[in-house]
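This report refers to the structure that appears directly beneath it.
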Amino acid sequence: MPNDPADRARRITVQRRGPLLVEGPVEIELEDGTTVSSDRFRVALCTCRRSRRYPWCDTSHRRKA
């Protein structure tokens with residue numbers, strides 16, 4: 001079905017010092033092979049690996065190193 005929302009392109013927004021914002025829902029495969037998913041309309045993916053909720057961003061990137 002061509003108009004199925006699951007078939008449409010996902011928009012990913014890159015922020016210089018922040019997370020990747022991905023239009024959802026999303027399913028993510030982690031390095032160890034486990035899968036996490038979210039049905040939210042937009043998710044923030046951690047790129048700094050400081051998040052306690054990795055791969056989800058918890059704004060840990062805002063803290064000074």
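Residues Ser51 and Ser60 share a closest heavy-atom pair of CA-OG, 3.8 Å. The two residues Arg10 and Glu23 have their closest heavy-atom pair at CD-O, 3.2 Å. The shortest heavy-atom contact between Arg53 and Asp58 is N-OD2, 4.1 Å.
Judged as a side chain to side chain contact (heavy atoms under 4.5 Å, CB included), and not counting sequence neighbours, the contacts of Arg49 are Glu31, Tyr54.
The distance from the CD atom of Glu27 to the OG1 atom of Thr35 is 5.5 Å, given to the nearest 0.5 Å. Taken to the nearest 0.5 Å, the SG atom of Cys48 stands 11.0 Å off from the CZ atom of Arg62.
Through direct or indirect side-chain contacts shorter than 4.5 Å among Ile, Leu, Val, Met, Phe, Trp and Tyr, Val22 is connected to Ile12, Val14, Leu20, Val26, Ile28, Leu30, Val36, Val43, Leu45, Trp56.
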